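Here the structure comes first, spelled out in structure tokens, and everything after it is commentary.
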Amino acid sequence: MNQETSKTLYRLKAFALVAIVMAHTYYTEIPNEWAVRYIHRFCTAGVFCFFFLSGFFFHPTKGQAAAFIRKKLSSLVCPWFFCSSLYFALLVVTHTMSPNLKHYINFVLGNGSFLYYLTVLCIFYLLFWHFSQNRAVLLLSILLSVFSTVLTGREVLPGLVDPDKWIFTYLNPYLNIFNWIGIFSLGVLFQENMYMEKTLQTVGKRWWAFTIGAFLSVLVLTPFDNNDGYWSNFSLILEAVIVLGLLGLACGMGNKKVSMSLETIGRLTLPVYLLHMPIQNRILASPSMRGSVVCAVLRPVITICLIAGIMTVFRKLLRYLPEKLESVACTVFGLK
């Protein structure tokens with residue numbers, strides 16, 4: 001993968017991060033039903049994008065399983081458990097969560113919390129280690145996701161979350177790997193067949209057309225969907241269309257300073273993802289602001305920029321520490 005492709009995908013990750021963080025704002029309190037529906041649809045595309053990119057960046061090497069696991073324990077699992085434990089402790093102190101083991105395990109693993117993505121991602125790393133080059137398995141996974149999403153949307157499969165139940169005792173739709181496995185597989189297919197470079201070349205030539213086309217498609221199709229969540233009839237299609245539109249924006253960024261800022265944020269997606277909830281809940285959070293479309297857009301942008309700025313300064317300050325302390329601090333906060 002060349003440098004320009006890498007930069008474009010970092011910008012795409014930054015846009016997807018806005019969708020993820022926006023999903024946890026108070027936008028549902030906006031009095032306009034259609035504004036809520038369109039914002040919700042945009043938000044669902046963030047998870048789609050990250051599962052897709054996770055599949056694309058997945059490079060299993062034969063005989064290197066132990067090294068891969070060690071790397072992910074350090075770069076993913078350590079910051080995940082450290083930051084989520086800090087947030088859980090904050091929720092306990094503020095009397096938002098009960099201080100018991102069941103609630104802690106459920107919270108960290110994503111049963112009733114935003115952390116389900118990391119649990120599912122780790123499962124995919126294990127499942128696809130031996131199957132990432134098996135085209136039949138990848139295509140079957142995509143079909144399974146389509147069926148699972150439809151069945152969840154029609155409540156044939158469970159569609160509700162109950163954080164008071166043990167995570168292992170019922171099928172949480174967010175932790176149902178079949179709802180996401182096809183998106184991860186699509187990313188793997190793009191990597192194995194070199195589709196990404198071809199896609200970027202095509203989108204880059206007419207990026208404005210892809211972005212406007214994606215916007216119009218979502219504008220037209222959303223009213224015909226049965227709901228605006230993850231498990232609707234058109235969810236996978238609309239999420240893919242939104243990601244394509246965001247990719248167009250990522251390709252067409254002409255301002256160098258804006259592009260560099262987005263790339264910086266794209267490199268900090270893990271710490272921003274892990275830390276955004278406690279910080280965002282303190283920004284523009286007054287009841288009078290919750291029903292504003294402007295605040296629904298501003299809050300995630302301010303949150304992301306604030307955390308990215310803090311992490312950038314923090315990373316520079318860590319260089320003055322002894323090497324081992326610097327390494328530990330970088331590990332627990334997901335910094336490179």
Side-chain angles (χ1 to χ4, degrees), residues 11-51 87 90-91 94 96 110 112-117 161 174 211-212 214-232 234-235 238-250 253 258 261-262 264-266 268-269 271-310:
R11 295 195 290 269
L12 176 60
K13 287 175 75 173
F15 289 134
L17 191 61
V18 172
I20 294 279
V21 177
M22 189 181 290
H24 305 131
T25 65
Y26 299 108
Y27 72 88
T28 52
E29 297 183 22
I30 295 172
N32 187 305
E33 177 190 352
W34 286 105
V36 172
R37 288 196 68 177
Y38 283 115
I39 291 173
H40 195 174
R41 176 52 64 210
F42 170 71
C43 292
T44 62
V47 179
F48 183 105
C49 187
F50 274 104
F51 272 123
Y87 185 31
L90 176 64
L91 293 174
T94 55
T96 308
S113 78
F114 66 98
L115 296 162
Y116 65 89
Y117 165 76
V161 176
Y174 294 94
T211 300
I212 295 173
F215 173 80
L216 293 176
S217 298
V218 173
L219 192 68
V220 171
L221 289 176
T222 295
F224 296 97
D225 208 353
N226 59 324
N227 67 69
D228 49 305
Y230 288 108
W231 331 121
S232 70
F234 301 153
S235 60
L238 288 173
E239 288 159 14
V241 166
I242 292 171
V243 171
L244 189 61
L246 294 177
L247 183 61
L249 276 180
M253 295 301 300
V258 175
S261 298
L262 289 171
T264 299
I265 291 169
L268 292 169
T269 49
V272 172
Y273 173 74
L274 291 170
L275 297 172
H276 78 275
M277 286 293 283
I279 292 178
Q280 180 167 251
N281 289 341
R282 304 293 185 273
I283 296 174
L284 303 177
S286 66
S288 62
M289 294 180 174
R290 292 184 180 184
S292 166
V293 175
V294 174
C295 286
V297 175
L298 281 180
R299 288 184 77 219
V301 173
I302 294 171
T303 300
I304 290 169
C305 291
L306 181 61
I307 298 174
I310 292 171

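Because the structure is a prediction, the values reported are computed rather than measured.
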- Query: Do NZ/NE/NH1/NH2 and the carboxylate oxygens of Arg37 and Asp225 come within less than 4.0 Å?
  - Reply: no
- Item | 4.5 Å side-chain heavy-atom contact, Cys49 and Leu12 | yes
- Which heavy atom of Ala35 sits nearest a heavy atom of Ile30, and at what distance? CB-CG2, 4.2 Å
- Item | Partner set under side chain to side chain donor-acceptor pair (under 3.5 Å) for Tyr117, not counting sequence neighbours | Ser54
- Message: Give me the atom names and distance for the closest heavy-atom approach of Ser217 to Val241.
- Response: CB-CG1, 4.0 Å
- Task: Could you tell me which residues satisfy side-chain contact (heavy atoms from CB on, under 4.5 Å) with Asn226, sequence neighbours excluded, listed by chain and number?
- Result: Ser232, Asn233
- Message: Before you tell me yes or no, could you show the steps for Phe48 and Tyr230 under ring pair (Phe, Tyr, Trp, His ring centres under 6.0 Å), namely the whole-Å CA-CA distance, both residues' side-chain angles and the distance that decides it to 0.1 Å?
- Response: CA-CA 9 Å; Phe48 183 105; Tyr230 288 108; over 10 Å; no
- Message: Checking Thr222 now: which residues fulfil side chain to side chain donor-acceptor pair (under 3.5 Å) with it, not counting sequence neighbours?
- Response: none
- Task: Measure the shortest side-chain to side-chain distance between Leu115 and Leu274 over non-hydrogen atoms and say whether it is less than 4.5 angstrom.
- Result: yes
- Which word best sums up how the rings of Tyr87 and Phe114 line up, parallel for under 30°, tilted for 30 to 60°, or perpendicular for over 60°? tilted
- Is there a donor-acceptor contact under 3.5 Å from the side chain of Arg299 to the main chain of Gln280? yes
- Does the separation of the ring centres of Tyr273 and Phe50 fall below 6.0 angstrom? no
